[in-house]
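The block underneath contains the structure these notes are about, expressed in structure tokens.
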Amino acid sequence: MPCFQKLKKPIMTVLWLLPLLAATLLTQAAVIVPGASWTDTEGNVIQAHGGGFLKVDSTYYWFGEDKVLDSTLFHAVSCYTSTDLETWTRQNDALSPISGTMISTSDVVERPKVIFNTKNSEYVMWFHSDTSNYGAAMVGVATANTPCGPYTYKGSWKPLGADSRDEGLFLDDNGTAYLLYASDNNQNFKISMLDTNYYNVTEEVSVLTGATLEAPGVIKRDNVYYLIASHTSGWDPNPNKVFTASSLAGPWSSQVDIAPEDTNTFYSQNAYDMPLGTNGIYMGDRWDVSALGSSTYIWFPLSWASGLPVIVQADVWSVNLAAGTYTVATGTTYEAESGTLGGSAELLTDSSYSGGKAVGYLGNGGTLTINNIVGIGEAQWVSLYYANGDSTWRNTTLSINGGANVVIQQPSSGGGHVIQSVPVKANLKDGANTLTFSSGQASYAGDLDKIIVYTTV
């Protein structure tokens with residue numbers, strides 16, 4: 001069924017992007033694959049949503065929300081470590097629930113961010129602190145003597161008496177720290193200076209009135225501040241924007257897209273933005289509200305080639321931290337229209353498709369088989385480029401060489417002629433392989449434009 005027609009979300013419930021034919025869990029390889037289910041060095045799915053990052057010497061610390069219980073309620077602030085941003089090890093929980101406080105298991109703790117206070121030799125964590133109905137709209141603060149803590153909870157309150165929901169921190173070169181936060185029932189966005197201990201805010205330095213921004217991050221580059229944030233649309237993504245200023249006090253420029261607007265930031269929301277040499281890294285979340293613990297991470301390079309930060313869409317990529325550079329992997333493309341259509345599948349024609357063609361009406365009797373897919377004899381990444389014009393998710397089944405079907409989730413792409421990609425780790429045999437899509441599924445899949453097979457594993 002062409003994806004510009006509205007369908008209900010399939011009722012099939014599976015883990016998003018299951019590794020194909022894998023009997024054991026695979027740890028995250030030394031590449032970054034946006035949208036894949038990332039695992040740590042113990043083979044467990046990484047739970048660090050709405051994350052914040054801190055570098056201490058050569059080690060990176062990733063703090064985030066543990067959503068393993070698929071709930072908005074507080075379970076833990078996790079702490080992971082890495083020296084390459086690609087392989088992560090889980091450490092002790094940085095912050096755990098305390099009964100009778102604003103960080104109990106009945107409350108909300110989101111978007112933890114940590115900075116180091118050199119005056120006190122202390123790590124300070126800020127987070128969005130709230131009740132289960134999001135009615136409190138506070139910040140919370142906790143402190144520790146080591147990066148992963150555990151942290152000692154200091155309290156929750158409204159900064160300067162005003163709402164604070166989605167928030168972030170920015171530590172300037174001179175050691176002055178700032179709180180970035182959605183305020184006044186999400187109608188205004190504020191930047192406030194912290195005290196020298198980083199325990200509280202002292203004054204507002206900038207207010208973007210009527211900006212309705214959340215999920216903020218700031219990168220400073222050549223004495224220009226780049227504020228990256230999403231607008232407010234609940235758990236659904238929207239086109240994230242960038243604003244610029246020569247001072248955090250403003251004035252701030254008009255908003256500019258960091259990705260093609262119709263992709264809704266490649267179905268993601270900003271969490272943190274990290275400098276990388278003369279470039280940067282966009283670090284976002286792809287929220288799955290039906291299974292929050294299965295939400296995945298969307299990290300992309302940020303390039304300033306145009307003068308403003310723009311996401312570089314990359315299925316598979318890697319970083320060279322020493323050089324401050326990134327490398328986007330290349331793969332072999334197989335057009336969907338080159339395969340064999342089965343059942344009710346139909347060839348679609350539109351200029352938005354690679355080569356001007358795609359295959360639609362997949363699922364509900366429609367299938368596609370692509371032969372002679374060259375593999376390397378081990379698990380490798382395959383990206384499916386598709387269109388799903390529904391506001392809800394679709395999915396497709398995939399069988400390799402006649403094997404059992406697995407299910408790959410396909411979030412809304414932003415329109416029936418907007419193309420996005422999702423990755424899957426596939427065990428391809430050395431030489432020619434046959435991939436069959438949408439066989440044995442009653443629901444309609446997204447329209448398939450092409451697949452790209454990568455040898456970088």
Ignoring hydrogens and geometry beyond distance, is a side-chain donor-acceptor pair present between [X] and [Y] at under 3.5 Å?
X	Y	answer
Y386	S413	no
T232	N186	no
Q47	H75	no
S421	S383	no
D93	Q91	no
T244	S253	yes
S354	E335	yes
S399	T436	no
T87	S82	no
Y353	D449	no

Qualifying ring-ring contact (aromatic ring centres under 6.0 Å, His included) pairs with a residue from residues 257-281, counting only residues at least two apart or across chains: F53-Y272, F266-F300, Y267-W393
Within 6.0 angstrom of N133 CG, more than 12 heavy atoms from elsewhere: yes
Residue pair F437, L398: steps toward the side chain to side chain contact (heavy atoms under 4.5 Å, CB included) verdict: CA-CA 5 Å; F437 298 91; L398 174 57; 3.5 Å; yes
Heavy-atom donor-acceptor pair, [X] side chain to [Y] backbone, under 3.5 Å:
X	Y	result
W38	V33	yes
Y282	N270	yes
K113	G51	yes
D130	A137	yes
Q420	T263	yes
H231	T212	yes
S295	D288	yes
R111	A215	no
D70	G293	yes
D222	V224	no

Sole residue of W252, F243, W304 in ring-ring contact (aromatic ring centres under 6.0 Å, His included) with Y226: W304
Candidates W317, W62, Y326 - the one meeting ring-ring contact (aromatic ring centres under 6.0 Å, His included) with W299: W62
Salt bridge (Lys or Arg N to Asp or Glu O under 4.0 Å) contacts touching residues 237-254 (sequence neighbours left out): K241-D257, K241-E261
Stepwise side chain to side chain contact (heavy atoms under 4.5 Å, CB included) test for R221 and L302: CA-CA 12 Å; R221 184 177 183 271; L302 283 170; over 6 Å; no
Under 4.5 Å between any side-chain heavy atoms of [X] and [Y], yes or no?
X	Y	value
V109	E65	no
Y334	L435	no
D236	N264	no
P97	L73	no

From CA spacing to verdict: side-chain hydrogen bond (donor to acceptor under 3.5 Å, both in side chains), T41, T89: CA-CA 5 Å; T41 53; T89 299; 3.1 Å; yes
Worked verdict on L347 versus K357 for side chain to side chain contact (heavy atoms under 4.5 Å, CB included): CA-CA 7 Å; L347 191 65; K357 296 178 181 179; 4.1 Å; yes
To the nearest 0.5 Å, how far apart are [atom1] in [X] and [atom2] in [Y]?
X	Y	atom1	atom2	result
Y444	N388	OH	CG	14.0 Å
T332	I452	OG1	CD1	9.0 Å
I258	D273	CD1	CG	7.0 Å

Salt-bridge contact R90-D66 (side-chain N to carboxylate O under 4.0 Å): yes
Contacts of L321 that satisfy side chain to side chain contact (heavy atoms under 4.5 Å, CB included) - sequence neighbours left out: Y60, L85, L276, V319
Working for side-chain hydrogen bond (donor to acceptor under 3.5 Å, both in side chains), residues S438 and T367: CA-CA 5 Å; S438 304; T367 64; over 6 Å; no
Among K190, R165, K158, the one residue meeting salt bridge (Lys or Arg N to Asp or Glu O under 4.0 Å) with D184: K190
Output field: ring centroids W88/Y297 closer than 6.0 Å: no
Mutual orientation of the aromatic rings belonging to Y225 and F170 [parallel < 30°, tilted 30-60°, perpendicular > 60°]: perpendicular
